[in-house]
Amino acid sequence: MRNSNKQHILLRYLFVIGMILVFAGFIVYNMFKTSVVHAKAWNDKADSLLTRETVLNPERGRILSDNGSVLSANLNYYTARIDWRVEGFDKREFTKQLDALCDSLEAFMPQKKTADEWKKDLQAQFEARKSSVYPLFRGLTHSQFVRLKSFPFLNLPKNKNGFYSDPTVKRVKPFGSMASRSIGNVGEVKGREGQHGISGLEMALDSLLYGVPGVKRRIQLTNRIVDWESTPAVPGYDITTTINVQLQDIVENELYKVCCETEAVWGTCVLMEVETGEIKAISNLEWSDKLQDYYEGRNNAVLGYEPGSVMKPISMMVALEDGIVSDINAPIPTGSLWIYGGREIRDPHGGAALSPRQIIEMSSNIGMSKIIVKKYGSNPGGFRERLEQMGFFEPFNTGIGGEQEPSIARLGHTTADRVALTRMAYGYTTLIPPMHTLAIYNAIANDGKYVRPHLVKKLTRPGSKVDSIVPITYIRQQVCSPENAEKLRIMMHDVVWGSHGTARSWVQDEHVEIAGKTGTAYTVRSDGTYSEEKRLAFCGFFPYKAPKYSCVVLMLRANRGAAASSGLVLRNIAAKMYARGLLGANDNFDNSATPKRDVKSNTPYEQQPVLYSNANTNRVNGIKHFIGARQVKMFNLPSSGTGHGVPNVCGMSVRDAVCTLEKLGLNVRFKGLGRVVGQSLPTGSSFNKGAIITLTLAT
């Protein structure tokens, strides 16, 4: 029996040994096949892996405001995780410091979990260990991750707590939607490595922002294979734009307010510095039925639209330069109906005879048409050629993606062409981007110097001490003579301050003298006919005596006229800039000859009575008002104080603080950068509307 068992055991040993020998033989065979038979193939594959070069994407450059504030940049975000199965995980320390860790996690993000919930969750995860990795937080900034690493237990070495992070790079805009469309976005581009600009400045300046790709390959070290940079990547340029964050904030807020009040489909506004052509602010708002609010939409500032009567000063510039008009006070027979080429031109603003000043002031279609036809009626195409000579069609290359050039047809000598010429003279049968209209108005404000609008101020390569400054350039050194520019400024001043000016009731301001021109154009249906839907424009400059800024506003389907919608936006921007001390001294403003204004309504006394109301016409809250009579307008009733005193804004962001105080009627000024740490008027103190409050900011 004992011998039988011994034999069975020996047989089993022999079987096991045999299997081991077979397995060993299989290994030896494969080693031989790999190292001898197929040695060349494996060596070639190893060489290909170690010598293969891959693209090393460079660090994308930042987009900055005019004072260096970051508008768009790459930032690292972190997902914080715990690996429970790390070999040296210190169970004792985890149990000992768990309560303190959970208290810290609750304080870190109170909205996520309480300390008890953290403790229950972490204990369950630790005991079950169903997954080797447990995510604590996602999307942490660098500072948040550094703070998290200082918490109890998480501050131990990685091999004792299993705590680590997965970094990801995201392109972010610290100011959110501010000038978002003009700044643009990045994304994947077919056939190209890495992230590239797909809209706005990100796209237009992608070659500069992206940098120069490097090359990396894998090399064999003693104990491992690593990536080796054979050619380092060169970071992209940091691009300093002309955008001023403070002015951008004003423009966006004022455009938003009037869009809400007038229920506009969309609105666009561009603010430019007269002398330099720097675009200081640009905003494009569109109504979203889904969001029930306005959002930063497509960049209508660089897309072509029929401009309406804002074209008239441009046509008048041609007339002055060509000598068609010399004396701007000499009357021209106009009337309210003129038949030319078999087509009627009706003029609701017309009179028996109007001077060129009055033609612009009252926006006479007939008057403007007759002036242009006087020279170009026999050669309709000559009008476009004249604009071409003036540089009107030259691309601006502002840096804004999707920029279009003006479109004006090349006319022949037919009757239809002559009729089309009359319509071109007052802003129809043309497609002109608001940016081009603004550039010409800016030239008028700039004594005829046709400066090129631009968004880029300078380029800086990270680590370099030399900046590449983008110089001021001119489309034409003089698009018109200084004398004719002055005549045009007088005409546009009449539009706002004249007794019959089309913008007199809405654009006049007691602190800032504004000049400009209104414009209304009906939209074209797909069949070529005009609908009742209107685009409403105002383009102008301020302060009148020494223009510093030019501005254009265009809105679609607002429920008011051009002056009461687009003109009101420009007036509010100018008034807000004055209140914040951004226009400097304006002692040259002599308003003694202008109609005295009712401070409640900003309407001259000779106008008919105005209906005052505290009602809010904001589209978002759904309250709608139908205003039928022309003289009936909605305003907020003024008051001398609030009855609640000055609020405490310390700790707020400057944007929130300014909005809070300006709603109460205070004029806000501030110094420094960062959040509010002090205010000149004490909390709870009484004040009068228009009082100045200075905020102290600190980072």
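These numbers come from the heavy atoms of this one structure, side chains and all, not from hydrogens, waters or symmetry mates. Along the sequence shown, residues are numbered consecutively beginning with 1.
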N185 side, atom CG; L201 side, atom CG - distance, nearest 0.5 Å: 11.5 Å

Between CG on residue N155 and CD on residue E93, distance to nearest 0.5 Å: 9.5 Å

Non-hydrogen side-chain atoms of D166 and R81 separated by less than 4.5 Å: yes

Note, I243 side chain near Q248 side chain (heavy atom, < 4.5 Å): yes

Euclidean distance, L455 CG relative to T240 OG1, rounded to 0.5 Å: 12.5 Å

F126 versus K91, closest heavy-atom pair with distance: CZ-CG, 3.8 Å

Side-chain heavy-atom pair I400, M435 within 4.5 angstrom cut-off: yes

Of all pairs that satisfy salt bridge (charged side-chain N to carboxylate O under 4.0 Å, His left out), the ones with a partner from residues 134-150, not counting sequence neighbours: none

Heavy-atom side-chain proximity of Y77 to V172 below 4.5 angstrom: yes

Nearest non-hydrogen partners of C269 and V251, listed with the distance: SG-CG1, 3.7 Å

Residues in salt bridge (charged side-chain N to carboxylate O under 4.0 Å, His left out) contact with D121, at least two apart in sequence or another chain: K113

Nearest atoms (heavy-atom pairs only) where Y237 meets L459: CD2-CB, 3.9 Å

Worked verdict on L205 versus V456 for side chain to side chain contact (heavy atoms under 4.5 Å, CB included): CA-CA 9 Å; L205 303 174; V456 178; 3.3 Å; yes

Separation between CE of M555 and CD of E263, rounded to the nearest 0.5 Å: 11.0 Å

Any side-chain heavy-atom pair of Q144 and Y78 under 4.5 Å: no

CA sep, side-chain torsions, deciding dist, call: R461, S468, side chain to side chain contact (heavy atoms under 4.5 Å, CB included): CA-CA 9 Å; R461 181 80 75 181; S468 300; over 6 Å; no

Side-chain donor/acceptor of S65 to backbone N/O of S69, under 3.5 Å: yes

Side chain proximity check, N300 to R298, heavy atoms < 4.5 angstrom: yes

Crowding at NZ, K257 (>12 non-hydrogen neighbours, <6.0 Å): yes

Qualifying residues under ring pair (Phe, Tyr, Trp, His ring centres under 6.0 Å), relative to H196, sequence neighbours excluded: Y210

With sequence neighbours excluded, residues passing salt bridge (charged side-chain N to carboxylate O under 4.0 Å, His left out) with K112: none

Derivation of the side chain to side chain contact (heavy atoms under 4.5 Å, CB included) call for Q404 and V302: CA-CA 6 Å; Q404 294 181 357; V302 294; 6.0 Å; no

Main-chain N/O of D249 paired to N253 side chain as donor or acceptor, under 3.5 Å: yes

Side chain to side chain contact (heavy atoms under 4.5 Å, CB included) assessment of V569 paired with I573: CA-CA 6 Å; V569 173; I573 290 169; 3.8 Å; yes

Which side-chain N or O atoms in residues 100-111 pair as donor and acceptor under 3.5 Å with protein atoms at least two apart or in another chain?
{"unit_1": "S104", "atom_1": "OG", "unit_2": "A100", "atom_2": "O", "d": "3.1"}
{"unit_1": "E106", "atom_1": "OE1", "unit_2": "A115", "atom_2": "N", "d": "3.4"}

Beyond-backbone contact of D99 with W118, side-chain heavy atoms, under 4.5 angstrom: no

Test side chain to side chain donor-acceptor pair (under 3.5 Å) applied to Q195 - qualifying residues, sequence neighbours left out: E188

Distance-minimising heavy-atom pair for L208 and I239: CB-CD1, 4.3 Å

Atom of L255, atom of G267 and distance for their closest heavy-atom approach: CD2-O, 3.6 Å

Minimum side-chain heavy-atom gap T268-S283 below 4.5 Å: no

Donor-acceptor contact present, side-chain E117 to main-chain T114, <3.5 Å: yes

Gap separating the CE atom of M577 from the CG atom of N244, nearest 0.5 angstrom: 8.5 Å

Y134 backbone acceptor or donor facing Q125 side chain under 3.5 Å: no

D206: partners by salt bridge (charged side-chain N to carboxylate O under 4.0 Å, His left out), with sequence neighbours left out: R60, R192

Set of residues satisfying side-chain contact (heavy atoms from CB on, under 4.5 Å) with respect to V146, sequence neighbours excluded: H142

Spatial distance of atom CD (E127) from atom CG (L122) [nearest 0.5 Å]: 11.0 Å

Pairs where residues 153-192 contributes a residue and the test ring-ring contact (aromatic ring centres under 6.0 Å, His included) is met, not counting sequence neighbours: F89-F153, F94-F153, F145-F163

Under 3.5 Å: donor-acceptor pair, side chain of Y294, backbone of Y256: no

Under 3.5 Å donor-acceptor, N161 side chain and L154 backbone: yes

Ion pair check, K280 and D66, cut-off under 4.0 Å: yes

Main-chain N/O of F396 paired with E403 side-chain donor or acceptor, under 3.5 Å: yes

With N572 via side-chain contact (heavy atoms from CB on, under 4.5 Å) - residues at least two apart: E254, V258, L568

side-chain contact (heavy atoms from CB on, under 4.5 Å) against T95, all qualifying residues, sequence neighbours excluded: none

Evaluation steps, side chain to side chain donor-acceptor pair (under 3.5 Å), between N284 and Y295: CA-CA 8 Å; N284 295 275; Y295 70 101; over 6 Å; no

Test side-chain contact (heavy atoms from CB on, under 4.5 Å) applied to S72 - qualifying residues, sequence neighbours left out: I63, R171, K173, I183, E202

Nearest heavy atoms of I282 and I279, plus distance in Å: CB-CG2, 4.3 Å

Sole residue of T696, T694, N648, V668 in side chain to side chain contact (heavy atoms under 4.5 Å, CB included) with Q679: N648

